[in-house]
Amino acid sequence: MLCPERPRAAQRPGRPGRPAGTARPGTAKVVWRAGLGVFALAGVVAGFEERRPSLDTVDFLSYFTTLSNLIGAAALLAGALPGLHGRPRVDWLRGAAALYLAITGLVYALLMGGDAGTWTGWAQHRVMPVAVPLDWLLFATAHDFPARRTVLGWLAFPLAYLGYTLAHGVATSWYPYPYLNTAEYGFGPFTSYTSAIAVLFVVLAGLLAAWPALHRRTIVVNKRSRLNGGGGPAGGRRRRRRGR
């Protein structure tokens with residue numbers, strides 16, 4: 001099951017093929033991703049219905065939890081489609097979604113109390129923050145993403161989100177998370193929380209970006225080990241020497 005997302009081989013002559021870098025996902029992978037993607041969307045929609053009319057659409061979409069779940073749903077559904085599965089941009093989005101949802105789960109558990117409450121809370125704070133990073137780890141991309149550029153690209157969204165949240169808070173006096181409200185709680189909680197979250201973002205982004213290359217090297221080492229230990233020419237020679 002630990003298999004990379006393989007780009008499709010060169011198109012056979014005389015047959016129409018799919019674009020380079022795509023492959024047809026297996027049935028189990030389609031069911032896994034499509035089911036989780038629909039589940040994530042259902043959790044977001046139900047969560048919005050639960051919080052109306054006390055929370056309007058703009059404020060609801062101002063929660064990082066909401067946005068990370070929507071990004072996760074988009075990445076999963078795109079990764080389940082035969083025409084998009086395995087494409088570099090889709091796999092890049094899968095990695096970004098894995099990062100954002102992992103942060104969502106960790107921050108909620110470690111800094112926000114971790115009480116999931118309703119099933120929508122479980123869906124958005126417990127299930128998806130585990131399922132989407134797991135998808136990235138189990139089905140590692142076969143594409144080579146430069147680590148530094150990838151990490152910086154993934155971090156652009158949370159930085160933009162922080163800027164938007166602060167500007168929106170100044171304009172409306174409403175903040176999705178109390179520690180961002182410097183006018184009421186001061187800069188102490190703001191600095192402490194944002195610094196801790198920033199460290200989590202950078203560390204996790206580096207680990208997730210490094211995973212595909214590490215996974216490929218592990219597969220190569222395992223294949224060489226099997227060939228050298230048994231079944232391969234070197235293993236056969238060793239067995240013959242032991243038998244003499």
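We number each residue from 1, following the sequence as shown.
- Put simply, the side chain of Phe64 reaches to within 4.5 Å of the side chain of Tyr100, judged on heavy atoms.
- Residues Val90 and Val31 do not share a hydrophobic cluster, clusters being chains of Ile/Leu/Val/Met/Phe/Trp/Tyr side chains in contact below 4.5 Å.
- Both Tyr193 and Val170 are part of a single hydrophobic cluster, where members link through side-chain heavy atoms under 4.5 Å apart.
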Stepwise side chain to side chain contact (heavy atoms under 4.5 Å, CB included) test for Leu166 and Phe190: CA-CA 11 Å; Leu166 295 177; Phe190 173 83; 3.9 Å; yes

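- Counting only heavy atoms from C-beta outward, the side chains of Leu180 and Thr194 approach each other to under 4.5 Å.
- At a threshold of 4.5 Å between non-hydrogen side-chain atoms, the residues Met112 and His125 do not count as touching.
- Considering all non-hydrogen atoms of both residues, Ala147 and Ala209 come closest at O-CB, 4.5 Å.
- Here the side chains of Lys29 and Leu138 are not in contact, with every heavy-atom distance at 4.5 Å or above.
- By the criterion of side-chain heavy atoms lying less than 4.5 angstrom apart, applied directly or through intervening Ile, Leu, Val, Met, Phe, Trp or Tyr residues, Trp122 is not grouped with Tyr108; the two fall into different hydrophobic clusters.
- Between Phe157 and Tyr161, the ring planes are tilted. Angles from 30° to 60° get that label.
- Counting all heavy atoms, side chain and backbone alike, Ala97 lies closest to Gly72 at CB-CA, 3.7 Å.
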Would you check, one step at a time, whether the test side chain to side chain contact (heavy atoms under 4.5 Å, CB included) holds for Leu204 with Leu106? CA-CA 11 Å; Leu204 276 179; Leu106 286 172; 3.6 Å; yes

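- Nearest heavy-atom pair, Ala140 versus Pro212, reported as atom, atom and distance to 0.1 Å: CB-CA, 4.3 Å.
- Here CG of Asp91 is found 11.5 Å from OG1 of Thr150. Values are rounded to the nearest 0.5 Å.
- For the pair Thr120 (side chain) and Ala46 (backbone), a donor-acceptor distance under 3.5 Å is absent.
- When all heavy atoms of Ala98 and Leu208 are compared, the closest pair comes out as C-CD1, 4.0 Å.
- Between atom CG of residue Leu36 and atom CG of residue Leu77 there is a gap of 9.5 Å, rounded to the nearest 0.5 Å.
- Two residues are said to be in side-chain contact when any heavy atoms from C-beta on lie closer than 4.5 Å; Arg89 and Leu93 fail this criterion.
- Side-chain heavy atoms closer than 4.5 Å link hydrophobic residues (I, L, V, M, F, W, Y) into clusters, and following such links, possibly through other members, connects Ile71 to Leu61.
- Atom CZ in Phe139 sits 8.0 Å away from atom CG in Leu134 (nearest 0.5 Å).
- Within the 3.5 Å criterion, the main-chain N or O of Pro189 finds no donor-acceptor partner in the side chain of Ser192.
- Every residue meeting the side-chain contact (heavy atoms from CB on, under 4.5 Å) condition with Trp174, not counting sequence neighbours, appears here in chain and number order: Leu55, Asp59, Ser62, Tyr63, His168, Thr172, Pro176.
- Under a 3.5 Å cut-off, the side chain of Trp211 and the backbone N or O of Leu137 do form a donor-acceptor pair.
- With sequence neighbours excluded, no residue satisfies side-chain hydrogen bond (donor to acceptor under 3.5 Å, both in side chains) with Trp92.
- Hydrophobic clustering places Val202 together with Leu111 (ILVMFWY residues linked when any side-chain heavy atoms are closer than 4.5 Å, directly or through intermediates).
- Annotation: side chain of Val30 is not in contact with side chain of Leu81 (no heavy-atom distance under 4.5 Å).
- Applying the side-chain hydrogen bond (donor to acceptor under 3.5 Å, both in side chains) test to Asp144 and every residue at least two apart in sequence or in another chain returns Arg216.
- Scored by the ring pair (Phe, Tyr, Trp, His ring centres under 6.0 Å) test, Tyr175 finds no partners at all (sequence neighbours excluded).
- To the nearest 0.5 Å, atoms CG (Leu155) and CG (Leu99) are separated by 6.5 Å.
- For Gln124 (side chain) and Asn69 (main-chain N/O), no donor-acceptor pair under 3.5 Å exists by modelled atom type.
- Arg33 and Gly79 get closest at one heavy-atom pair: NH1-O, 2.9 Å.
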Carefully, step by step, assess Tyr177 and Thr65 under the rule side chain to side chain contact (heavy atoms under 4.5 Å, CB included). CA-CA 11 Å; Tyr177 306 106; Thr65 296; 3.7 Å; yes

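- With sequence neighbours excluded, the residues satisfying salt bridge (charged side-chain N to carboxylate O under 4.0 Å, His left out) with Glu49 are Arg52.
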Criterion side chain to side chain contact (heavy atoms under 4.5 Å, CB included) on Tyr179 and Ile197, from CA distance to verdict: CA-CA 12 Å; Tyr179 56 84; Ile197 294 171; 3.5 Å; yes

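- Summarising the hydrophobic clusters (Ile, Leu, Val, Met, Phe, Trp, Tyr; side-chain heavy atoms under 4.5 Å, direct or chained), the residues clustered with Val58 are Tyr164.
- To the nearest 0.5 Å, atom CZ of residue Phe60 and atom OG1 of residue Thr66 are 4.0 Å apart.
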